[in-house]
Structures are given as C-alpha cells and as structure tokens.
Amino acid sequence: MVDNGFGSIVMVANLKMSPACLATESFLQTVAQHLEPSCSADVELFKSFIDSFRAIINSSQSDTKEISIAIRGYGYFADPCRRFMTGHDIRFMFNDMIQRSEHLFITEEEALFEDKLSHLPSFLDALANILRQMDEVSETFVSSLEKLIVLLMEQYPRLAVGHHSQCYRALSKVMMSLAPHAAVLRSFLSHITYQGLIRSCSHPVLLDEVAISSDGSVVGTSGSAARPRSYLDYMQLWYHMVESPHSEGLQLQWSAREEQKVVERTLYDELISSILKLLDKLDLSATRTAGLDGEVGQSEPSEDAPKQGSDVVGDDMGTLSDPTAGLQAKMPKDFQIFLNLVDLCRWLLPRVRTHFFGDWVLAFCRQVIVHSSRFPLVSGFYKLLMVAMKICSKTSFFK
C-alpha cells in the first residue's frame, strides 16, 4: 500500500506543479521526523519508503523528476537511518547511491547527461545527509564523492541559473558532512580545489575587458551564451564555495557551527595550497623563434633554472627594444591556464576570507618571487604579488 500510495504522490508531483513538489517534500520530511524504531508499524513504514526510493532510482522507466523526488526522499530519511538501520546497512545504502550517481552522471551518454545534470546537486545533498550518519568513511567512498564534486564544478556553467543555489547548498553540506573526519576532509578539499582550478582555468583567455559584480556574476552580458566559456563562468562558484554565504541557511547547531569554522579554514588553506601547487606544475618557459638576423633559435636554460628552460635570452641574441619580441611559449596550454589563474586570483582572493591570508603571506610571496626570478618576463607573477599586498593592506598585516 505504501508503494502504491507513494507512487501516486510522485505522479502528482511530476506534473510540473511546484506546489505539489513542495507538498511532497514537506510530506516526506514530516514522515521522517516522526518515525519511531520502537513502533513495529513505523519500522515497516520506514522499510517501505526506502524500498520505494530505491525502486524509483533503479528503474529505467523513471524520468528525471521522479528520480529527483526519490533522491530527496533518501536525503530526508537519512537521519532515521541511524535509528532503524545498522552501520553496515547505512554503508550499503550510501554505496548504492554512489554507484547509481556514477552511472547517471559519469557513464551516461552526453544527451542523457544534459537532461540529468540538474539533479546532481540533489544527489550530493542526499549523499551528504547519509554520510553524516556514518561513523567511518572509506577511501573508496571519498574517491567516488570527489569524482561527483569535480564533475559538478566542471559542468557548473551548464547548470541552469535556477539550480545554482541548490548547487552551493549541496557543496556546503558535503563539506560539512566530512568535518568530523579531519584527515579525510583535508584530502578531499585538496583534491577538489586543485582539480577545480585546472578545469576553471583551462579555457581560452579572454581578450576583451569584462565587468564582474561583487558576487562573481558577469555584468552586461546574458551569460556564457554571449561569449566563449571562460574562467569567468566559474567565479560565482568559487565565491560561494569559499565565502560560504549559503551555509547560513543550513540551520546549524552549536557543534556544527564549530565544524563549519574548521571547514572554512581548511578549504581556504587548500585553495591557496592548490594555487601554489598549480604554479609549480606549469611550464612557463619560452623559446626564441627568430633572432635579429632571422635565424631560428632556442633560449638555453641557466644553471639554476629548472629543466624546462628559461624564458629569458642572453646578450648573444642581440639588444632588443622589446625583450619579449620573438618569444614563444613552449607550452601554450600552460600559459593559458596561468593567465586565467592570475585573473581568477586577482578577483577572488581580495574578496574571500582575507583574514586567513595572514598565515600564507610569507609562503605565498616567497614562492611567487622564486617563480618571478626564474621567469622575469612573465608579468602575471607581479600581478599575484600585487594581490598579496592588496590583501595585506586591507587586513593591516604590516601594522
């Protein structure tokens, strides 16, 4: 009877009627809150709902709206899971959700993926709720979760604007669910920030000036449809991830607020660490394509330069009014990532959690100066130093 009744509810909520969808979610939340393990009828009711959610998600006949409601149901029933299920059962349920998520969003065909992308935040929200009930988190679970988060970050520009708020909330909840596991949280954030930066900055460099609002949205355009995809399409994502304005709506208890502070600090540290790590990985050396006499040559690395070479040529190439004339990047893709990364940092870092930067001033500036000494013609390093000084001035670091 429960299966038939819930199926009818899902059919009503699937008629593109937002009041029906809200009523369904409110119904599921209310049922989940009032279930008692001491009551045999409640135990049967709980099992029936879980079986219904699983059947809808696993059925090839379910459309995306039905799947979305079932996913939310999983999330709402995560809290009763600890009371009604063993630790083994909870891990099984989480693993089932992870496997289904990977099937839907990672292995599906492109056409099907486009239709289901909007439901990825719902999956992550439900996974976060279930994860919160687990005493131990295995590396396999975290690895699968990292894939889904990185996928969401990569595909963020394709996500409808109406789903952005849900995306930010899901990211906050996933991070908060890992807060009790400090080592796992740090490893997780290290991976997603590094991979997220690479995916955000691996697009063509913008040649035109673009105005950006205080929250990272692009001013004066209709979005990515009006121009090629660029790092600008990820600005709001990074701002909301690091600044976490959306986490205020999570109704956190005191202990959770303390965990939130840990998440905020760890996320910021891993972001800066990932920026420096990416700078280390990039090959910004260059070659001289033609000298004054028209001969093609290549700059030789200095003794203390890394193996990839130096982008500065000696006096034997002649005196040039423009020292960059005739230079070509050995790894154009690396330069592309670097230029986008610099622009991303110039906008983002002075706006988010600047009070945390004090502990990074020495390491950040030292590493940037080392890179600038190796590649003195690469102006992006001086721009990064300007960012650091701007933050120091804002936070009165030198006073």
Distance, nearest 0.5 Å, that separates NZ of Lys394 from CZ of Arg351: 8.0 Å

Enclosure of His34 NE2 (heavy-atom neighbours >12, cutoff 6.0 Å): no

Heavy-atom closest pair, residues Ala170 and Pro121: CB-O, 3.4 Å

Side-chain heavy-atom pair His371, Leu384 within 4.5 angstrom cut-off: no

Smallest separation among heavy atoms of Phe381 and Val368, with atom names: O-CG1, 3.3 Å

Close aromatic pair by centroid cut-off 6.0 Å: His240 and Tyr156: no

4.5 Å side-chain heavy-atom contact, Phe357 and Phe397: no

Check: Val263 main-chain N/O paired with Thr266 side-chain donor or acceptor under 3.5 Å: no

Of Leu127, Asp96, Asp125, the residue whose pairing with Tyr74 passes side chain to side chain contact (heavy atoms under 4.5 Å, CB included): Asp96

Asp135 with Arg91: basic N within carboxylate O range, under 4.0 Å: no

Sidechain-backbone polar pair: Arg353 side chain, Glu243 backbone, donor-acceptor under 3.5 Å: yes

Distance-only polar pair, side chains of Asp51 and Ser48, donor-acceptor under 3.5 Å: no

Contact check, side chains of His164 and Leu159, non-hydrogen atoms, under 4.5 Å: yes

Shortest non-hydrogen contact between His203 and Asn340, atoms and distance: O-ND2, 2.7 Å

Note: Asp280-Lys277 ion pair, threshold 4.0 Å (strictly below): no

Donor on one side chain, acceptor on other, Glu264 and Gln260, under 3.5 Å: yes

Non-hydrogen atoms of Met175 and Phe188 that approach each other most closely: CG-CE2, 4.3 Å

Non-hydrogen atoms of Ile391 and Leu349 that approach each other most closely: CD1-O, 3.6 Å

Co-membership, hydrophobic cluster, residues Val161 and Leu171, 4.5 Å side-chain: no

Note: Asp359-Arg265 ion pair, threshold 4.0 Å (strictly below): yes

Gap separating the CD atom of Glu154 from the CD1 atom of Ile198, nearest 0.5 angstrom: 11.0 Å

Straight-line distance of Lys330 NZ to Leu284 CG, nearest 0.5 Å: 11.5 Å

Expected output: side-chain Ser172 to main-chain Tyr168 donor-acceptor under 3.5 Å: yes

Ring pair (Phe, Tyr, Trp, His ring centres under 6.0 Å) partner of Phe46, chosen from Phe53, Tyr76, Phe84: Phe84

Parallel, tilted or perpendicular: ring planes of Phe338 versus Phe335, cut at 30 and 60 degrees: perpendicular

Side chain Arg199, main chain Leu151, donor-acceptor under 3.5 Å: no

Separation of Ser274 OG from Leu278 CG (nearest 0.5 Å): 8.5 Å

Flag side-chain contact, heavy atom, 4.5 Å: Met386 against Tyr382: no

Flag side-chain contact, heavy atom, 4.5 Å: Glu102 against Gln99: no

Within 6.0 angstrom of Lys333 NZ, more than 12 heavy atoms from elsewhere: yes

Spatial distance of atom CD1 (Ile69) from atom CG (Leu28) [nearest 0.5 Å]: 8.5 Å

Nearest atoms (heavy-atom pairs only) where Pro350 meets Cys345: CD-O, 3.4 Å

Connected via hydrophobic side-chain network under 4.5 Å: Phe92 and Val137: no

Spacing of CD belonging to Gln29 relative to CZ belonging to Phe77, to within rounding of 0.5 Å: 10.5 Å

